[in-house]
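Here is the structure we will look at, set down as structure tokens.
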Amino acid sequence: GGVPGITDRLLIAANQIGKTYSAGAETAMHLTGLYPDWWEGHRYATAIDAWASCTTSQSTRDAPQRILLGKSDEWGTGAIPGRHIVQIKKAVHGVSEAVETVLVRHVPTGKTSRLVFKTYDQGRERWQGETLDLIWFDEEPPADIFSEGKTRLQVRHGILYITFTPLLGMTEVVTRFLKEKP
């Protein structure tokens, strides 16, 4: 995917083998600052600003939100331990039980990380303006949203990862990872 200073990864694999769970676990580590001893990846020393996203509000609720928070009647049972969730703000409009923003305690510093759930169907314009540390695309994003997301990470040399099964074939986004040199 190749923007200097941005770490981007693509996890393409079959359905139901743990792609979303793996990304959720990593996202929770970055938000809380709690990393296992064996973790060799990047470690954030302070609280972060992150987005987790999927195709629609419903798919975002049913995949990244569920993995990170647990089911809506069991929030705090997902990858982010409930004791570190400071606040959950539900989305005002749209799909029932959808969350807009989660504030998470970055344990080592006591500061607060912020996670916002986004959707691709909001359009590229709703992806503008923020400066972020991390973006997780669950399911392949359209090329314009992928590019806009990468732009949000440039200032802080952020991390981007995509988890999906390649149902659409060799798209522009897949080509950026598999054929272009960084």
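Residues take their numbers from the sequence shown, with the count starting at 1. This structure is a prediction, so every number in the text was calculated from the model and none was measured.
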Rounded distance [0.5 Å steps], OH in Tyr21 versus CD in Glu26 | 13.0 Å
Between Ser113 and Leu31, what is the shortest heavy-atom contact and its length?
-> OG-O, 2.8 Å
So, do Cys54 and Arg61 sit near enough that their side-chain heavy atoms are less than 4.5 Å apart?
-> no
Do Lys19 and Asp138 sit within salt-bridge range, that is, some charged N less than 4.0 Å from a carboxylate O?
-> no
Would you check, one step at a time, whether the test salt bridge (charged side-chain N to carboxylate O under 4.0 Å, His left out) holds for Lys90 with Glu97?
-> CA-CA 7 Å; Lys90 284 187 178 181; Glu97 303 303 321; 3.2 Å; yes
Residue Arg126 excluded, over 12 heavy atoms near CZ under 6.0 Å | no
Same cluster (ILVMFWY, side-chain, under 4.5 Å), Val95 and Ile88 | no
How long is the gap from CD1 on Ile135 to CD on Glu130, to the nearest 0.5 Å?
-> 10.0 Å
Assess whether side-chain contact (heavy atoms from CB on, under 4.5 Å) is satisfied between Thr32 and Arg105, documenting all intermediate values.
-> CA-CA 6 Å; Thr32 63; Arg105 184 162 340 294; over 6 Å; no
Student check: side-chain heavy atoms of Lys150 and Leu160 closer than 4.5 Å = yes
Side-chain heavy atoms of Leu34 within contact of His84, under 4.5 Å = yes
Separation between CZ of Arg124 and CG of Asp144, rounded to the nearest 0.5 Å = 6.5 Å
Considering only heavy atoms from C-beta outward, does the side chain of Leu68 approach that of Leu115 to under 4.5 Å?
-> yes
Rounded distance (nearest 0.5 Å) linking atom OH of Tyr161 with atom OG1 of Thr27 | 2.5 Å
Take Ser53 and Glu139, measure what side-chain contact (heavy atoms from CB on, under 4.5 Å) needs, and give me the verdict at the end.
-> CA-CA 8 Å; Ser53 60; Glu139 301 304 340; over 6 Å; no
Out of curiosity, Ile159 CD1 to Asp133 CG, how far, rounded to the nearest 0.5 Å?
-> 8.5 Å
Less than 4.0 Å between a side-chain N and a carboxylate O, is that true for Glu100 and Lys89?
-> yes
Check: Trp51 and Leu132 side chains under 4.5 Å, non-hydrogen atoms | yes
Is there a donor-acceptor contact under 3.5 Å from the side chain of Thr77 to the main chain of Glu74?
-> yes
Arg66 side chain to Asp62 main-chain N or O, any donor-acceptor pair under 3.5 Å?
-> yes
Atom CZ of Phe117 and atom CD of Gln65: how far apart are they, to the nearest 0.5 Å?
-> 5.0 Å
Please report the shortest heavy-atom distance between Tyr35 and His42, naming the atom on each side.
-> CE2-O, 3.7 Å
Give a yes-or-no answer on whether the side chains of Ser59 and Thr56 include a donor-acceptor pair shorter than 3.5 Å.
-> yes
Are Leu69 and Val107 connected, step by step, through hydrophobic side chains (Ile, Leu, Val, Met, Phe, Trp, Tyr) whose heavy atoms are closer than 4.5 Å?
-> no
Going by atom types only, do His106 and Thr109 share a side-chain donor-acceptor pair under 3.5 Å?
-> yes
Would you check if there is a donor-acceptor pair between the side chains of Trp136 and Thr163 at a distance under 3.5 Å?
-> yes
Pair Trp127 + Phe137: ring centers closer than 6.0 Å = yes
Within 6.0 angstrom of Arg152 CZ, more than 12 heavy atoms from elsewhere | yes
What's the verdict on side-chain contact (heavy atoms from CB on, under 4.5 Å) for Thr55 and Thr119, showing C-alpha distance, side-chain angles and the deciding distance?
-> CA-CA 5 Å; Thr55 52; Thr119 67; over 6 Å; no
Give the C-alpha distance, both sets of side-chain angles, the deciding distance and a yes or no for side-chain contact (heavy atoms from CB on, under 4.5 Å) between Ile85 and Leu103.
-> CA-CA 6 Å; Ile85 296 173; Leu103 301 180; over 6 Å; no
What closest approach, in Å, do Pro64 and Ala52 show between heavy atoms, and which atom pair accounts for it?
-> CB-CB, 4.2 Å
Side-chain donor/acceptor of Tyr120 to backbone N/O of Phe146, under 3.5 Å | no
Between Trp39 and Val104, is there a shared hydrophobic cluster once you connect ILVMFWY residues whose side-chain heavy atoms come closer than 4.5 Å?
-> yes
Is there a side-chain contact between Tyr44 and Met29 (heavy atoms, below 4.5 Å)?
-> no
Salt-bridge criterion met for Glu148 and Lys118 (N-O under 4.0 Å) = no
Nearest heavy atoms of Ile67 and Gly24, plus distance in Å = CG2-CA, 3.8 Å
